[in-house]
Each structure stands twice: as structure tokens, then as C-alpha cells.
Amino acid sequence: MGTLRDLQYALQEKIEELRQRDALIDELELELDQKDELIQKLQNELDKYRSVIKPATQQVVKQTELHEHQRTKRQAISAEPTAIDIQDLSHVRLPFYPKSPQSKDLIKEAILDNDFMKNLELSQIQEIVDCMYPVEYGKDSCIIKEGDVGSLVYVMEDGRVEVTKESVKLCTMGPGKVFGELAILYNCTRTATIKTLTNVKLWAIDRQCFQTIMMRTGLIKHTEYMEFLKRFSEIPCRAHYHSEVYRFYLLRTKAS
């Protein structure tokens, strides 16, 4: 039978083991809380991109299905439609149009000032800036007609335009403004008519190029998100952590 001092020493050891166990559990819970926050952040990012890339993705899927249907019809065989592959998008070569530093800054600031585009990733904005090409219109020209199918997004660099809806004047716009983005973002017809009041200089990007940028970034984010969830799903839950730590403690107690 051990002495009182031996019992006190053994009790101190057990107390220390329990303290270490509690510290480990606290550390693991903190780590899981951080991962929960990251998951929520990634989910918010997905929600943001979904509103932008969903119409574009649906359009590309329809085009892919049509292409597959035509190909299989020629070959007289059946096949499943090809899914959008992030690798395919990553190899798409986007056009590049040189610009002065002032023009680049103007386009970037215009996008960041636009309610529908200001939440884009900086990498997306940079690609949009690089892909925009110059367009010029003379005075009294119609740039956008209400009800038409939209295919271009514009940024005004010089001049002024008038915006009307159902023949009612809404406003005038000058340099540093984005217009035409709604038809591209939400796959709808033009919501207003825009005519030039002076000679204007614009920067434009077409629907296909714009949506390629949106889809590529969105799919990359989605892939990263899914990879993270896959790794996270392999991490035991809090209850399992607790039971494993406690089981480890019991094994050590029996061994001692």
C-alpha cells in the first residue's frame, strides 16, 4: 500500500493529465471554430459568385449540349453532354488591349463605383480591364436600344450620353461610368436606351469574354471550396475529439 505522499503525487499527476486534456480540447475547439468561420466565408463567396455565373453557366451548358447533340447526330451514336471543365476554362486565352495607366485607372474606378460590379474580385477586375477594347461614337448616335439583346458592357472615357426609358429621360452620364452591365450580368434585354450627346470614347468588353472571366473565377473558387469541405469532412467532430481524448486518458490511466 502506498504512502500518503505517493497517493498525493499520483493525484497530482491525474490532475495534470486532466488539465492537459482540457487544454487540448480547448485548442481543438478553437481550431474548429476558425474552420467554421472559414466555411461561412467561403459560402458567402459562393453566394456572391452564384448570382453572376449562374446565367452564364446555363448558357454555356446549353451551347455544350447543342454541340454534343450535333456531333452525336453526325456520328449516329449517343453520348452524355460534356460538363464544364475548369481545366478547359483555365486554358482559354483572353484578348489583351494595351491602355495608358490613366485609362486603366479610369476603368477600374468605374467598375468599383458600380453597384452591380463593385464586389468583383480584384483579379476579375484586372482581367476585365485588360480585355476591354476602344470604341468611338459620334454625336447623336444610339449606343444601346431598350429591349435589344445585350452583348457589350461599356465604360465611358470621354464625352456625355443621355439615358432614357420608354422615351422618358432618366439622366445623363459622363466619363468614369459603367453602362450595359445588367444585360450581361443577368442575361436580360437592355433596360434603357443610351444615346450620345457628344462624340464619345468608350471601352467595351463582350459577353463571352466577360462571362468567361466570371465562370473561370467562380469555378476555381467552387473547386477550392469543395476541396476544403472534402478535407474538413475527414476531421472528426467535437464530440469525437472529446471521446478520443478521454479514451486516450483512460488508456494512460490503466497503463499507469
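What you see below is based on every heavy atom in this structure, not just the backbone, and it leaves out hydrogens, waters and symmetry mates.
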Linking I/L/V/M/F/W/Y whenever their side-chain heavy atoms sit closer than 4.5 Å, directly or via other members, would [X] and [Y] fall into one cluster?
| X | Y | value |
| --- | --- | --- |
| Ile143 | Val178 | no |
| Ile194 | Leu182 | no |
| Leu122 | Ile213 | yes |
| Ile125 | Tyr97 | no |
| Val153 | Tyr133 | no |

statement: So ring-ring contact (aromatic ring centres under 6.0 Å, His included) across residues 150-185, not counting sequence neighbours, yields Tyr154-Phe179
Taking C-beta and beyond as the side chain, do [X] and [Y] meet within less than 4.5 Å on heavy atoms?
| X | Y | answer |
| --- | --- | --- |
| Cys209 | Leu94 | yes |
| Thr193 | Ile144 | no |
| Ile205 | Cys131 | yes |
| Glu16 | Glu13 | no |
| Met156 | Val200 | yes |
| Lys145 | Arg190 | no |
| Pro134 | Trp203 | yes |
| Leu152 | Arg207 | no |

- line: For Ile15, the other hydrophobic cluster members (4.5 Å side-chain criterion, sorted by chain and number) are Leu11
field: Connected-component partners of Phe96 among ILVMFWY, side-chain separation under 4.5 Å
entry: none
Could you grab the distance from atom [atom1] of [X] to atom [atom2] of [Y], nearest 0.5 Å is fine?
| X | Y | atom1 | atom2 | value |
| --- | --- | --- | --- | --- |
| Ile128 | Glu121 | CD1 | CD | 11.5 Å |
| Gln34 | Leu30 | CD | CG | 4.5 Å |
| Phe116 | Leu185 | CZ | CG | 8.0 Å |
| Glu109 | Asn114 | CD | CG | 12.5 Å |
| Asp26 | Arg21 | CG | CZ | 10.0 Å |
| Asp206 | Gln211 | CG | CD | 9.5 Å |

query: Just wondering, more than 12 heavy atoms not from Gln208 lying within 6.0 Å of its CD?
result: no
query: Got a sec, which pairs hit salt bridge (Lys or Arg N to Asp or Glu O under 4.0 Å) with one end in residues 98-107, sequence neighbours left out?
result: none
Just by modelled atom types, is the [Y] backbone N or O under 3.5 Å from a matching donor or acceptor in the [X] side chain?
| X | Y | value |
| --- | --- | --- |
| Thr198 | Lys139 | no |
| Thr189 | Asp148 | no |
| Thr196 | Gly138 | yes |

Specify the closest pair of heavy atoms between [X] and [Y], including all atoms of both residues, with the distance to one decimal.
| X | Y | answer |
| --- | --- | --- |
| Val155 | Leu106 | CG1-CD2, 3.7 Å |
| Ile107 | Met132 | CG2-SD, 3.7 Å |
| Ala183 | Cys188 | CB-O, 3.1 Å |

- prompt: Among side-chain atoms of Asn199 and Glu136, is any donor-acceptor pair under 3.5 angstrom?
  reply: no
- prompt: Got a sec, which residues hit side-chain hydrogen bond (donor to acceptor under 3.5 Å, both in side chains) with Ser103, two or more places apart in sequence or on another chain?
  reply: Ser100, Glu157
Donor-acceptor list for residues 164-177 side chains, cut-off 3.5 Å, not counting sequence neighbours:
from   : atom 1 : to     : atom 2 : distance (Å)
Lys165 : NZ     : Thr191 : O      : 2.9
Thr172 : OG1    : Arg160 : NH2    : 2.9
Lys177 : NZ     : Asp113 : OD2    : 3.4

